[in-house]
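Here the structure is a predicted model, which is why all the values come from computation and not from measurement. Side-chain atoms are counted along with the backbone in the values below, which use heavy atoms only and exclude waters and symmetry mates.
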Amino acid sequence: MTKRVCRMHGCPRIQDAKLCDEHARSHEKRRGTRQQRGYDAAHDKERRRIEKQGIENHRCARCGAWFERGEPFQLGHTDDRLNWSGPEHIRCNTSAAGAASHAVFKRPEGRR
Ligand SMILES: [Zn+2]
Ligand SMILES: [Zn+2]
C-alpha cells in the first residue's frame with residue numbers, strides 16, 4: 001500500500017490518492033470553473049450568431065415582442081443553464097434576475 005503526501009504544496013496530509021480529500025474537492029471545483037468558461041465562450045458565439053441574423057428577426061424569449069433593428073439584447077438561458085431560451089430585452093432579462101432597480105436602459109439606436 002502506497003501512502004503519499006498530498007501533492008498540494010504545503011499540505012501535510014497523507015493518503016493513498018495523489019491529493020487529500022480537501023484538495024481533491026477544490027480540484028473538482030476548479031474543473032467546474034473551466035466548464036463555466038466554456039459556457040461563456042459558447043454564449044458569446046450564440047450572441048454573435050443572433051447579431052448576424054439581425055436581432056429584428058427575433059422575438060424576446062420573455063415578453064414575446066419583436067426586437068427593433070439594432071436593439072441591445074441579452075441572451076437568456078433555461079433554468080438548468082444547459083440551453084439558451086433566446087434573446088431577451090435587457091429590461092426583461094434584468095427584471096427576471098430580480099435586479100430591476102439596477103436595470104440599464106439603452107437607446108435602441110445606440111449600438112455598442
Ligand atoms: Zn491536501
Ligand atoms: Zn422582452
Side-chain angles (χ1 to χ4, degrees):
M1 201 148 83
T2 47
K3 291 269 183 200
R4 43 192 155 177
V5 178
C6 176
R7 205 162 48 131
M8 208 57 101
H9 182 75
C11 179
R13 295 197 191 92
I14 293 165
Q15 64 286 310
D16 298 323
K18 281 185 206 145
L19 291 163
C20 69
D21 283 352
E22 187 198 322
H23 285 125
R25 229 176 297 135
S26 61
H27 189 69
E28 282 295 308
K29 222 181 273 169
R30 257 203 307 285
R31 195 148 58 188
T33 308
R34 258 201 298 276
Q35 274 167 359
Q36 180 63 32
R37 242 176 271 148
Y39 170 88
D40 289 344
H43 187 273
D44 286 352
K45 208 170 155 197
E46 179 69 3
R47 262 194 79 94
R48 275 198 294 277
R49 194 178 67 83
I50 292 167
E51 279 169 1
K52 222 167 168 180
Q53 289 172 346
I55 191 60
E56 70 274 16
N57 296 312
H58 290 267
R59 284 209 254 183
C60 174
R62 290 204 187 261
C63 73
W66 290 96
F67 280 92
E68 287 176 48
R69 202 159 165 255
E71 196 171 4
F73 70 95
Q74 278 172 354
L75 204 51
H77 50 75
T78 54
D79 291 338
D80 56 13
R81 287 191 145 246
L82 293 175
N83 265 303
W84 291 286
S85 48
E88 297 174 353
H89 293 111
I90 287 169
R91 62 176 179 275
C92 294
N93 186 284
T94 46
S95 64
S101 57
H102 301 291
V104 181
F105 284 95
K106 284 186 195 158
R107 295 166 67 84
E109 64 270 25
R111 278 198 114 164
R112 284 176 287 147

State the [atom1]-[atom2] distance between [X] and [Y], to the nearest 0.5 angstrom.
| X | Y | atom1 | atom2 | value |
| --- | --- | --- | --- | --- |
| E22 | C11 | CD | SG | 6.5 Å |
| Q74 | R47 | CD | CZ | 7.5 Å |
| H27 | C20 | NE2 | SG | 12.0 Å |
| R13 | M8 | CZ | CE | 10.5 Å |

Are [X] and [Y] packed together at the side-chain level, in the sense that at least one heavy-atom pair is separated by less than 4.5 angstrom?
| X | Y | value |
| --- | --- | --- |
| D21 | Q15 | no |
| H77 | H43 | no |
| R69 | I55 | no |
| R4 | K18 | yes |
| R7 | H23 | no |

- Is the shortest distance from a Lys or Arg side-chain nitrogen in E46 or R49 to a carboxylate oxygen in the other one below 4.0 Å?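 Answer for the salt bridge query: yes.
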- Query: In terms of ring plane angle, is the pair F73 and F67 parallel, tilted or perpendicular, where the classes change at 30° and 60°?
  - Reply: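 F73 vs F67 ring planes: perpendicular.
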Between [X] and [Y], what is the shortest heavy-atom contact and its length?
| X | Y | result |
| --- | --- | --- |
| L75 | N93 | O-ND2, 4.1 Å |
| S85 | A61 | O-CB, 3.6 Å |
| P87 | H58 | CG-CB, 3.7 Å |
| A24 | L19 | N-CB, 3.9 Å |
| R59 | G64 | CD-O, 2.9 Å |

